[in-house]
Undergrad: 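If you scroll down you'll find the structure; I have some questions about it.
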Amino acid sequence: MSEPQQQQVNLGSLSLEQLQMVREQVEAEIQQLSESIQQLKHASNKYIEAKEAMGGLKGTDGKDMLVPLTSSIYLPGKINSNEKVLVDIGTGYYVEMGIEQGQNFSNRKVQLITEQVNKVQTAINMKRQNLESIVQVAQSKISLYKQQQAQQSQQQVQQK
Amino acid sequence: MATITNADPYKILFEQDIKTATNIPMVTFISNVEEFVKDKDVENVFKQLQEAYQKYKFFESKLSNNISMLTQRSKQLQESLDIVDHVENKSNESFSVQYELSEGVYSSAQVNEPKSIYLWLGANVMLEYSFEEAREVLRKNKDTVDRQLSESIQDLGFVKDQITTTDVNVSRVYNYDIIQKRKLKLSGKTEEEEK
C-alpha cells in the first residue's frame with residue numbers, strides 16, 4: 001500500500017491566527033500519538049510479564065501452591081501444568097501451548113509492538129519538527145509586526 | 001428504613017423524617033421571597049444559593065460514585081459467598097482448576113479434598129478459615145456494604161430533593177428581582193411623565 005501523500009503547506013503564507021490553529025492541531029496530534037505509545041508500551045509489558053510467568057512454571061509440577069479462585073479467595077492445591085499453558089490469542093480464542101511455544105508467542109507479540117512503537121515515535125519526531133517550524137514562523141511574524149508598529153509610531157511622531 | 005429491591009435501588013421514596021447518615025444540611029424553601037430578601041442584597045442571596053447548589057452537586061457526584069463502588073463490592077462479596085458454597089460442596093473430592101497465571105495466560109492446578117479456604121483481607125494479610133468461618137466473615141462484610149449502600153441511596157434521594165429545592169429558590173429569587181426592577185423602571189417613567 002502506498003504512503004498517504006503529505007499535504008505541503010507554505011507556512012509563510014498563513015496568518016498568525018491560522019498558524020495558531022495549525023499549531024494547536026499539531027500539538028493535539030502529538031498528544032494523541034504519545035498516548036498511543038503509552039498504550040503500546042503497556043501491552044508490551046503485559047506480554048513480557050506473561051513470558052516471565054510462563055518461565056517460572058518450568059519444572060514446578062506437583063509443587064504446593066495457593067490457587068486463586070478470585071482476587072481475594074485462594075485454595076491450597078498442587079501445580080498440575082504438565083508444562084502446558086492456555087494462551088488467549090484474541091477474539092475469545094484460547095490455545096493450549098507448551099511453555100516454550102507460549103514464550104515464543106509472547107516474544108513475537110513484543111517484537112510486533114516494538115516495531116509499531118518505533119513507527120509512532122518516528123511520526124512524533126516529524127510532528128515535533130513541524131511544530132518547531134510553525135513556532136519559528138509565528139515568532140518571526142510577531143517580530144515583523146512589532147517592527148511595523150514601531151515604524152508607524154515613529155512616522156506619526158515625525159508628522160506631528 | 002426503606003427496603004431496596006434488586007430491580008432498581010433508586011426507586012425508593014425518601015422518608016422526610018429520617019436524618020441523613022452523613023448529616024447533610026437541609027435547605028429551607030423560600031416561601032415568601034419578599035420577606036426573605038427585604039433586608040438583604042439580592043446579589044448576595046444569589047451567590048449563597050449558587051454556592052449551596054454547587055455543594056449539593058458535589059455531594060451528589062460523590063454519593064453516585066460511592067453507590068456504584070458499593071454495588072460492585074456487594075456483587076463481588078456475593079460471588080465470593082457462592083464460591084465458598086461451591087467449594088464446600090466439593091470438599092470430599094479432588095478437582096482440577098484453571099487459574100489465571102498472568103493476564104491472558106492460564107494454567108492448571110489440582111485441588112485435593114479442600115478442608116479450608118484462604119481469604120485475602122488486604123494490607124498484606126491473608127488468613128486461613130474453615131468454610132463456615134469464611135462464610136461468616138464474607139456475610140458480615142456484605143451486610144456492612146449493603147447497609148452503607150442503603151444509606152448512600154437514602155442520602156442521594158435527600159440530596160436530589162435539596163438540589164430541586166435550591167433550583168426552585170434560585171428561580172423564585174430571580175423572578176422576584178426582575179419584577180422589582182420592572183417596578184422601579186415603571187415608577188421612574190411615571191415620575192418623568194408627571195414632571
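The chains referred to below are lettered A, B, ... by the order of the sequence lines, with proteins before strands, and numbering in each begins at 1.
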Undergrad: Measuring heavy-atom distances to chain B, does A:Y94 have an atom under 4.5 Å in its side chain, in its backbone, in both, or in neither?
TA: side chain

Undergrad: Rounded at 0.5 Å granularity, tell me how far CG in B:N141 sits from OG in A:S72.
TA: 9.5 Å

Undergrad: Answer with side chain, backbone, both or neither: which region of A:V67 has an atom nearer than 4.5 Å to a non-hydrogen atom of chain B?
TA: side chain

Undergrad: If you group Ile, Leu, Val, Met, Phe, Trp and Tyr by side-chain heavy-atom gaps below 4.5 Å, do A:L86 and A:M97 land in one group?
TA: no

Undergrad: Tell me whether the count of non-hydrogen atoms from other residues, nucleotides or ligands lying under 6.0 Å of CZ in B:F29 goes above 12.
TA: yes

Undergrad: Any chance OH of B:Y174 has more than 12 other-residue heavy atoms, nucleotides or ligands included, within less than 6.0 Å?
TA: no

Undergrad: With clusters defined by side-chain heavy atoms of hydrophobic residues (ILVMFWY) lying less than 4.5 Å apart, directly or transitively, does B:V137 cluster with B:L127?
TA: yes

Undergrad: In Å, rounded to the nearest 0.5 Å, how long is the span from CD1 of A:I73 to CD of B:Q76?
TA: 10.5 Å

Undergrad: Assess whether atom CD of A:Q111 is packed by more than 12 heavy atoms of other residues, nucleotides or ligands within 6.0 Å.
TA: no

Undergrad: Check this for me: A:K46, atom NZ, are more than 12 non-hydrogen atoms of other residues, nucleotides or ligands nearer than 6.0 Å?
TA: yes

Undergrad: With rounding to the nearest 0.5 Å, note down the distance linking CD1 in B:I117 to CG in A:L75.
TA: 5.0 Å

Undergrad: Ignoring hydrogens, what is the shortest heavy-atom contact between B:W120 and A:S71? Give both atom names and the distance.
TA: CB-O, 4.2 Å

Undergrad: Is there a continuous path of hydrophobic side-chain contacts, each under 4.5 Å between heavy atoms, that joins A:Y47 to A:I89?
TA: yes

Undergrad: Checking heavy atoms, do the side chain of A:L66, its backbone, both or neither come under 4.5 Å from chain B?
TA: side chain

Undergrad: Side-chain heavy atoms nearer than 4.5 Å, only ILVMFWY residues, links allowed to pass through others: does that put B:F131 and A:Y74 together?
TA: no

Undergrad: At under 4.5 Å between heavy atoms, what parts of residues 96-111 of chain B are in contact with chain A? List them by residue number.
TA: B:S96, B:V97, B:Q98, B:Y99, B:L101, B:S102, B:E103, B:G104, B:V105, B:Y106, B:S107, B:S108, B:A109, B:Q110, B:V111

Undergrad: Answer yes or no: are there more than 12 heavy-atom neighbours, outside B:Q180 itself, under 6.0 Å from its atom CD?
TA: yes

Undergrad: Against chain A, label B:Y129 side chain, backbone, both or neither, depending on which of its atoms sit under 4.5 Å from a heavy atom there.
TA: neither

Undergrad: For A:E24, I'd like to know if atom CD has over 12 heavy atoms of other residues, nucleotides or ligands within 6.0 Å.
TA: yes

Undergrad: Count the heavy-atom pairs under 4.5 Å between each of B:M126, B:K115, B:E79 and chain A, then report the option with the highest count.
TA: B:M126

Undergrad: Is A:I79 reachable from B:F95 through a run of hydrophobic residues whose side-chain heavy atoms are each under 4.5 Å from the next?
TA: yes

Undergrad: With a 4.5 angstrom heavy-atom cut-off, could you sort out which part of A:M54 is near chain B: side chain, backbone, both or neither?
TA: both

